[in-house]
*Asks:* 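Please read through the structure below; I'll follow up with questions.
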2 protein chains.
Amino acid sequence: MRDLLTRAGLRATQQRMLILGGLLALRDHPTAEQVHRQVAAKAPTLSLGTVYKALDSFVVAGLVKRVAVADGAARRYDADCSPHHHLFCTATQEILDYRDPQLDQLIQEFLAARGFENFQPHSFSLHIIGEKIIRSA
Amino acid sequence: MRDLLTRAGLRATQQRMLILGGLLALRDHPTAEQVHRQVAAKAPTLSLGTVYKALDSFVVAGLVKRVAVADGAARRYDADCSPHHHLFCTATQEILDYRDPQLDQLIQEFLAARGFENFQPHSFSLHIIGEKIIRSA
DNA sequence: CTCGCTGCAAACGTTTTGCAACCCC
DNA sequence: GGGGTTGCAAAACGTTTGCAGCGAG
């Protein structure tokens, strides 16, 4: 735990080691609140605010990722219900549409061929993270 | 506008027509707040609460979709930074990991071959929406 | 005429902030 | 010892809810 943190350039405090350990222990994709509960047993005084701050620095350091979910607060809507994918620009925070029937078909065929043991997919969407290119010239 | 609403089985009120029109006019993927601002010029008394309720019913009716984003409130974290995809269960709200190097390669090759005009991708993640199958037998 | 929708405002849950005390480096 | 981190509490933020009055069907 200590190594993971120091290697990421973060100060290895008691709290951060517990929080990172708690996050790793939770195999689901927990919220800050769930991580806090997980850790509360070992460190009753560790505050929820600290969990938020720690998770934030983990994300910045690249130790941890945020999972994109469609529920929760700060929702965004899309009036276009035809199948399409999204390009997320890390620079401008823009979300651009990307439509590509060939890609749809490719993925669909792959998933159909592969099959899942205990999951019945009915749709999918590819999130492509990157940066918009500003062409000069 | 009226047709779209009635065909979706919704009551075509003044406010809903304006809200749906505003959402369609915004080509980005706006938040409820942004839709409200867009509509405010035409209908200053239209309240933000109404926008929320209208957008909700649009989503239920299938007229509009929610876009999954990693920022905003109700965040979820993932300590696993290795490339993997997510299965979203509509029944249990669970988020299951799905790891498939072959799929990764397939998509990566496709994107590389296709290329983008003004976007430099650096990672991607497939969101597969469906339902967990409870096997009885 | 009825039932669903609107507007308002208050409530809610989650995340962020400010600041003094603390402790890792 | 110094500067990043913690804990606490307050504030901010986006969203939801309750309810009286309104209006589409």
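First the proteins, then the strands, lettered A, B, ... as listed; each starts at 1. As the structure is a prediction and not an experimental result, all values here were calculated from the model.
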*Asks:* Is there a donor and acceptor pair closer than 3.5 Å between the side chain of A/R11 and the base of C/dC24?
*Replies:*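 Yes, a donor-acceptor pair under 3.5 Å.
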
*Asks:* Verify ring-ring contact (aromatic ring centres under 6.0 Å, His included) between B/F119 and A/Y98, making sure each step is shown before the conclusion.
*Replies:* CA-CA 11 Å; B/F119 195 84; A/Y98 175 52; 9.1 Å; no

*Asks:* Of A/R16 and B/R66, whose closest DNA chain D nucleotide lies nearer the 5' terminus?
*Replies:*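 So the residue in question is A/R16.
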
*Asks:* With no hydrogens and no angle check, do the side chains of B/Q38 and B/Q34 hold a donor and an acceptor under 3.5 Å apart?
*Replies:* no

*Asks:* Looking at C/dC8, I'd like to know if its phosphate oxygens (OP1 or OP2) sit under 4.0 Å from a side-chain N or O belonging to B/S47.
*Replies:*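 Result: no.
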
*Asks:* What is the distance from CD of B/Q34 to P of D/dG14, rounded to the nearest Å?
*Replies:* 10 Å

*Asks:* Rounded to whole Å, please give me the gap between CG in A/L18 and C1' in C/dC23.
*Replies:*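 Atom-to-atom, A/L18 to C/dC23, this comes out as 15 Å.
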
*Asks:* For the side chain of B/D100 and the backbone of B/Q102, is there at least one donor-acceptor N/O pair under 3.5 Å apart?
*Replies:* yes

*Asks:* Identify which one of B/K53, B/R37, B/E33 satisfies the side chain to side chain contact (heavy atoms under 4.5 Å, CB included) criterion when paired with B/L48.
*Replies:*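 Per the side chain to side chain contact (heavy atoms under 4.5 Å, CB included) rule, the option paired with B/L48 is B/E33, out of B/K53, B/R37, B/E33.
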
*Asks:* Rounded to whole angstrom units, what separation is found between the CZ atom of A/R76 and the P atom of D/dC13?
*Replies:* 17 Å

*Asks:* Could you tell me how far apart B/Q14 (CD) and D/dC22 (C1') are, to the nearest whole angstrom?
*Replies:*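 Taking atom C1' of D/dC22 as the reference, CD of B/Q14 is at 13 Å.
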
*Asks:* Counting any heavy atom closer than 4.0 Å, what does B/A12 reach on the DNA or RNA strands: base, sugar-phosphate only, or nothing?
*Replies:* sugar-phosphate

*Asks:* C/dC22 phosphate, OP1 or OP2: any side-chain N/O from A/Q15 under 4.0 angstrom?
*Replies:*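 Result: no.
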
*Asks:* More 5' along DNA chain C: A/L48 or B/G49, using each one's nearest nucleotide?
*Replies:* B/G49

*Asks:* Rounding to a whole Å, what distance do you find between A/H36:NE2 and D/dC8:C1'?
*Replies:* 12 Å

*Asks:* Which whole-number value in Å describes the distance from B/L10 CG to C/dT6 C1'?
*Replies:* 15 Å

*Asks:* Looking only at N and O atoms, is any donor in the side chain of A/K53 or the base of D/dG7 less than 3.5 Å from an acceptor on the other one?
*Replies:* yes

*Asks:* Under 4.0 Å between a side-chain N/O of A/T45 and OP1 or OP2 of D/dG7, yes or no?
*Replies:*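 Looking at the OP1 and OP2 atoms of D/dG7, one of them is under 4.0 Å from a side-chain N or O of A/T45.
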
*Asks:* Below 4.0 angstrom from OP1 or OP2 of C/dT6, is there any side-chain N or O of B/T13?
*Replies:*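 Answer is yes, contact under 4.0 Å.
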
*Asks:* Is it the case that the ring center of B/Y77 lies less than 6.0 angstrom away from the ring center of A/F58?
*Replies:* no

